[in-house]
Amino acid sequence: MCLKTNKIITYGTFDLFHIGHLRLLQRVKNLGQYLTVAISTDEFNAVKGKKTLIPYEQRREIVENIKCVDQVIPETCWEQKENDIKTLNIDIFAMGNDWEGKFDFLRDHCEVLYLPRTDDISST
Ligand code: C2G
């Protein structure tokens with residue numbers, strides 16, 4: 001009997017990687033079996049108005065070496081999520097709850113969950 005592999009995706013900058021990022025990725029991975037993390041490129045962070053200290057290539061190398069992460073892709077724009085979910089056959093989209101409600105439109109394509117953040121730490 002083959003069990004379904006729940007594929008999950010989450011998006012983020014992951015600048016100055018810290019325990020809050022790790023806890024979020026662990027919580028997201030616990031929702032399924034295969035975790036894809038889309039990391040905001042330096043150019044997209046400029047669009048987001050977010051200053052990053054660590055360049056994309058280093059943020060990507062750190063995250064792809066996290067035990068619970070199975071795949072890393074670049075996040076280059078706001079609009080790619082629906083296409084990512086379709087092309088990667090994603091079952092669950094999950095974000096920290098500072099994004100609560102912001103991505104409910106993705107419910108047409110997959111489950112959308114907002115998970116607790118880890119407070120008292122942030123990259124800023
Ligand atoms: N996070 C957390 N606890 C913290 C800080 C961040 O749980 N103390 C979570 C956020 O809720 C988010 C993820 O870690 O789900 C990545 O956080 P950021 O790198 O700040 O991501 P952000 O800049 O919000 O980018 O399209 C979505 C955006 O790319 C999200």
Side-chain angles (χ1 to χ4, degrees):
M1 173 182 74
C2 69
L3 293 174
K4 173 156 178 35
T5 307
N6 265 334
K7 296 188 72 183
I8 322 134
I9 196 164
T10 191
Y11 293 73
T13 303
F14 299 103
D15 194 25
L16 297 173
F17 197 84
H18 55 64
I19 195 70
H21 296 136
L22 179 62
R23 291 280 178 268
L24 191 279
L25 293 177
Q26 290 169 330
R27 289 178 189 136
V28 171
K29 181 57 178 283
N30 285 340
L31 299 171
Q33 287 72 40
Y34 190 90
L35 172 58
T36 298
V37 181
I39 300 183
S40 314
T41 59
D42 298 335
E43 297 74 14
F44 180 48
N45 273 313
V47 169
K48 285 160 65 176
K50 189 156 186 168
K51 177 113 189 59
T52 47
L53 296 172
I54 310 297
Y56 170 74
E57 280 310 323
Q58 292 181 27
R59 289 185 283 114
R60 177 197 176 96
E61 185 174 351
I62 290 167
V63 173
E64 65 187 8
N65 281 282
I66 304 263
K67 207 182 316 182
C68 68
V69 174
D70 299 291
Q71 175 186 41
V72 170
I73 62 171
E75 179 187 31
T76 60
C77 64
W78 290 112
E79 300 75 18
Q80 71 183 71
K81 297 183 174 68
E82 285 182 64
N83 188 52
D84 291 345
I85 288 163
K86 286 180 200 152
T87 52
L88 295 172
N89 298 315
I90 296 297
D91 303 291
I92 303 168
F93 167 93
M95 292 294 292
N97 59 17
D98 49 316
W99 290 94
E100 185 84 33
K102 299 285 190 306
F103 300 111
D104 290 357
F105 64 92
L106 294 171
R107 290 206 160 115
D108 299 340
H109 308 287
C110 66
E111 214 178 318
V112 173
L113 294 172
Y114 301 100
L115 304 179
R117 281 170 58 91
T118 306
D119 291 325
D120 73 48
I121 184 160
S122 106
S123 306
T124 42

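Counting begins at 1 with the first residue of the sequence. Counting convention: from 1, in listed order, for ligands and their atoms alike.
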Any idea which protein heavy atom is nearest [atom], and the distance to it?
{"atom": "atom 6 (C) of ligand 1", "value": "Arg117 NH1, 3.5 Å"}
{"atom": "atom 12 (C) of ligand 1", "value": "Gly96 N, 4.1 Å"}
{"atom": "atom 29 (O) of ligand 1", "value": "Glu75 OE1, 2.6 Å"}
{"atom": "atom 10 (C) of ligand 1", "value": "Asp98 OD1, 3.7 Å"}
{"atom": "atom 9 (C) of ligand 1", "value": "Leu24 CG, 3.7 Å"}
{"atom": "atom 24 (O) of ligand 1", "value": "Trp99 NE1, 3.0 Å"}
{"atom": "atom 22 (P) of ligand 1", "value": "Lys50 NZ, 3.6 Å"}
{"atom": "atom 8 (N) of ligand 1", "value": "Thr118 O, 2.6 Å"}

Is [Y] close to [X] at the side-chain level, that is, under 4.5 Å between some pair of heavy atoms?
{"X": "Val63", "Y": "His21", "answer": "no"}
{"X": "Leu22", "Y": "Ile66", "answer": "yes"}
{"X": "Glu64", "Y": "Val37", "answer": "no"}

Under 3.5 Å, N or O to N or O, is [X] touching ligand 1 that way?
{"X": "Arg27", "answer": "no"}
{"X": "Asp119", "answer": "no"}
{"X": "Phe14", "answer": "yes"}

Problem set entry | Single hit among Trp78, Phe93, Phe44 for ring-ring contact (aromatic ring centres under 6.0 Å, His included) with Tyr11 | Phe93
Problem set entry | Note: Asp15-Lys51 ion pair, threshold 4.0 Å (strictly below) | no
For this session: Within a distance under 4.0 Å of any heavy atom of Met95, pick out the atoms of ligand 1 and give their elements.
Result: 15 (O), 27 (C), 30 (C)
For this session: Would you mind running through ligand 1 and noting each atom that sits below 4.0 Å from a heavy atom of Ser40?
Result: 29 (O)
Problem set entry | Lys48 heavy atom under 4.0 Å from ligand 1 | yes
Seminar exercise, completed: With heavy atoms and a 4.0 Å threshold, my read on which part of Lys81 contacts ligand 1 is side chain
Exercise. Can we call the ring centroids of Phe103 and Tyr114 under 6.0 Å apart?
Worked result: no
For this session: Nearest heavy atom to atom 17 (O) of ligand 1 wins, so pick from His21, His18, Glu100.
Result: His21
Problem set entry | Any donor-acceptor N/O pair, Arg59 side chain to Ser40 backbone, under 3.5 Å | yes
